[in-house]
Engineer: 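Encoded as structure tokens, here's the structure I'll be asking about.
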Amino acid sequence: MKLAGLKSVDGAHEDSIWAAAWVPAADHRPTALLLTGSIDETVRAWQPDDLAAASPPAGGYALGVISLAAHPAGVIAAAVSIDSHVRVFDVDSGASVATLDAAPSEVWGVQFHPKGVALAAAGGGSGSVKLWDTEKWQPIASLPVPRPEGAHPDKTGSGKFVLSVAWSPDGKLLACGSMDGTIAVYDAVRMKFLHHLEGHHMPVRSMVFSPVDPHVLLTGCDDSHIHIYDAKEKGLIGAMSGHASWVLSIDMSPDGMAVATGSSDRTVRLWDINARASVQTMSNHSDQVWAVAFRPPGGEGVRAGRLASASDDKSISLYDYS
């Protein structure tokens, strides 16, 4: 497995880029699009092979965009801004579909259910995961994150700040990562807390389930490690290390063979999941790498895998994955 640099766009935004997500191809649009969100309060769309601007930037995201997620149907996407609004919008027109309000610091990361029936948001300072249906955009549930047994008392409350959230590919499990390293797993069908996954003790900023095994969860943490868990059986089944600083973003290739991570050490790394080892380091960026995202399969003319990365240096990079 290998990454090869294809294209980089400097000054893609006017400020730090903290979020990136691929929008799958759709019937009316036969190719995927890359979305990026920035502290400059805009979301931008890019063509998948040359990073040409696909549409004018969409503004109105007060204080900046911190998370993006695309609906699996490829029509709408959701963006979280620091003002604690979740804005759902039409990808092609930029038109607003819904605005989901929350109290200050109450939403952080977002992810759509793999079948598109719900939107989950990491609950920020509330120490919870919030869910909305995607038909009427009404709240479904707010799932509290319990403190692990034997955990030291958290007098500041920062430990319960929820940063990241992920659905299993079959939609049966939901996981979230918190500031203190807590990872909580829920039965997403019954909306019931199952257990904690242990091993991290610093902020878990990003997580992703394997696309080929609905029980395997990968996490990126400020402790500079990547953990591999059996989320259903509550077991740590592997760990990888190599970054010199915080792991800010993580994604897994559609074939389930490779993992990409972005770090505050300014690098993107490619990992072999079977060997549990880093196989390549890319140094395209000059500042922290807040987002890495593999392009989903499908669409016309798709002949190769793609990985995108976005950084505090205001740039986007696109790589061939083979």
Engineer: Distance-only, no hydrogens or angles: does the Asp287 side chain make a donor-acceptor pair with backbone N or O of Asp313 under 3.5 Å?
Structural biologist: no
Engineer: Heavy-atom distance under 4.5 Å between the side chains of Val268 and Tyr319, does that happen here?
Structural biologist: yes
Engineer: Which atoms form the tightest heavy-atom contact between Ala69 and Val110, and what is the distance?
Structural biologist: CB-O, 3.5 Å
Engineer: Taking C-beta and beyond as the side chain, do Val185 and Leu174 meet within less than 4.5 Å on heavy atoms?
Structural biologist: no
Engineer: Donor-acceptor check, side chain of Gln280 to backbone of Leu270, threshold 3.5 angstrom: yes or no?
Structural biologist: no
Engineer: Taking all non-hydrogen atoms of both residues into account, name the closest pair between Val204 and Ile183 and its distance.
Structural biologist: CG2-CG1, 4.2 Å
Engineer: Do you see a donor-acceptor pair shorter than 3.5 Å between the side chains of Trp18 and Asp312?
Structural biologist: yes
Engineer: Without hydrogens or angle criteria, can the side chains of Trp290 and Ser311 be said to hold a donor-acceptor pair below 3.5 Å?
Structural biologist: no
Engineer: Can you tell me how far OG of Ser38 sits from CG of Asp15, rounded to the nearest 0.5 angstrom?
Structural biologist: 5.0 Å
Engineer: Walk me through whether Leu197 and Lys234 qualify under side-chain contact (heavy atoms from CB on, under 4.5 Å).
Structural biologist: CA-CA 6 Å; Leu197 302 176; Lys234 195 183 175 182; 4.3 Å; yes
Engineer: Can you name the nearest heavy-atom pair linking Gly109 to Val165, along with the distance?
Structural biologist: O-CG1, 3.7 Å
Engineer: With distance as the sole test, does Arg190 use its side chain to make a donor-acceptor pair with the main-chain N or O of Lys192 at under 3.5 Å?
Structural biologist: no
Engineer: Would you call Thr261 and Ile226 a side-chain contact if the rule is heavy atoms closer than 4.5 Å?
Structural biologist: yes
Engineer: For the OH atom of Tyr229 and the CG atom of Leu236, what is their distance to the nearest 0.5 Å?
Structural biologist: 5.5 Å
Engineer: Would His200 and His225 count as a close aromatic pair, with their ring centres under 6.0 Å?
Structural biologist: no
Engineer: Can you confirm if the NZ or CZ of Arg276 lies within 45° of the ring axis of Trp271 and under 6.0 Å from the centre of its six-membered ring?
Structural biologist: no
Engineer: Say you draw a straight line from NZ of Lys7 to CG of Asn284; how long is it, rounded to the nearest 0.5 Å?
Structural biologist: 13.0 Å
Engineer: Kindly say whether Ala95 contributes a backbone atom to a donor-acceptor pair with the side chain of Ser93 at under 3.5 angstrom?
Structural biologist: yes
Engineer: Is there a side chain to side chain donor-acceptor pair (under 3.5 Å) between His196 and Thr182? Walk through the geometry before answering.
Structural biologist: CA-CA 7 Å; His196 292 103; Thr182 298; 5.5 Å; no
Engineer: Kindly compute the distance separating CD1 (Ile316) from OG1 (Thr36), expressed to the nearest 0.5 Å.
Structural biologist: 4.0 Å
Engineer: Distance from Phe112 atom CZ to Trp132 atom CH2, nearest 0.5 Å?
Structural biologist: 11.0 Å
Engineer: Please answer whether the main-chain N or O of Met282 pairs with a side-chain N or O of Thr267 as donor and acceptor at a distance below 3.5 Å.
Structural biologist: no
Engineer: Among Val289, Asp265, Thr281, exactly one meets side chain to side chain contact (heavy atoms under 4.5 Å, CB included) together with His243. Which residue is that?
Structural biologist: Asp265
Engineer: Which pair of non-hydrogen atoms, one from Ala122 and one from Ser164, has the smallest distance, and what is that distance?
Structural biologist: CB-N, 3.8 Å
Engineer: Any salt bridge between Lys314 and Asp10, counting N to O under 4.0 Å?
Structural biologist: no
Engineer: Is Lys172 salt-bridged to Asp187, cutoff N-O under 4.0 Å?
Structural biologist: no
Engineer: Just by distance, with hydrogens left out, do His28 and Asp92 show a side-chain donor and acceptor under 3.5 Å apart?
Structural biologist: yes
Engineer: Are the side chain of Ser264 and the backbone of Trp246 linked by a donor-acceptor contact shorter than 3.5 Å?
Structural biologist: yes
Engineer: What distance do Leu6 atom CG and Asp50 atom CG have between them, rounded to the nearest 0.5 Å?
Structural biologist: 10.5 Å
Engineer: Are the side chain of Trp22 and the backbone of Ala293 linked by a donor-acceptor contact shorter than 3.5 Å?
Structural biologist: yes
Engineer: May I ask you to check whether Phe161 and Trp108 place their ring centres under 6.0 Å from each other?
Structural biologist: yes
Engineer: For Gly116, is there any backbone N or O sitting under 3.5 Å from a side-chain donor or acceptor partner on His71?
Structural biologist: yes
Engineer: Do Asp180 and Ser178 get their side chains close enough for a donor-acceptor pair, meaning under 3.5 Å?
Structural biologist: no
Engineer: Is a side-chain donor-acceptor pair under 3.5 Å present for His285 with Ser309?
Structural biologist: yes
Engineer: Less than 4.5 Å apart, side chain to side chain, heavy atoms only: is that true for Val23 and Ile76?
Structural biologist: no
Engineer: Take atom CD of Gln47 as the centre, draw a 6.0 Å sphere, and report whether it contains more than 12 heavy atoms from other residues, nucleotides or ligands.
Structural biologist: yes
Engineer: Can you confirm whether the side chains of His215 and Asp213 place a donor and an acceptor under 3.5 Å from each other?
Structural biologist: no
Engineer: Apply the test side-chain contact (heavy atoms from CB on, under 4.5 Å) to residues Leu173 and Phe209: give CA-CA distance (whole Å), side-chain angles for both, the deciding distance (0.1 Å), then the verdict.
Structural biologist: CA-CA 9 Å; Leu173 296 176; Phe209 275 92; 4.1 Å; yes
Engineer: Quiz question: by atom type and distance under 3.5 Å, do the side chains of Arg87 and Thr99 form a donor-acceptor pair?
Structural biologist: no
Engineer: Between Asp49 and Arg295 (salt bridge meaning N to carboxylate O under 4.0 Å), is one present in this structure?
Structural biologist: yes
Engineer: Atom CG of residue position Asp27 - does it have more than 12 heavy atoms of other residues, nucleotides or ligands inside 6.0 Å?
Structural biologist: no
Engineer: Side chains of Pro169 and Pro211: does their closest heavy-atom pair fall under 4.5 Å?
Structural biologist: no
Engineer: Do Ser317 and Ser8 have side-chain atoms, one donor and one acceptor, less than 3.5 Å apart?
Structural biologist: yes
Engineer: Do the side chains of Met202 and Met207 join up, straight or via other hydrophobic residues, at under 4.5 Å, putting them in one cluster?
Structural biologist: no
Engineer: Between Leu163 and Pro203, what is the shortest heavy-atom contact and its length?
Structural biologist: CD1-CB, 3.7 Å
Engineer: Is a donor on one side and an acceptor on the other found under 3.5 Å between the side chain of Ser210 and the backbone of Gly256?
Structural biologist: no
Engineer: Indicate the atoms forming the closest heavy-atom contact of Val65 with Thr42, along with that distance.
Structural biologist: CG2-O, 3.9 Å
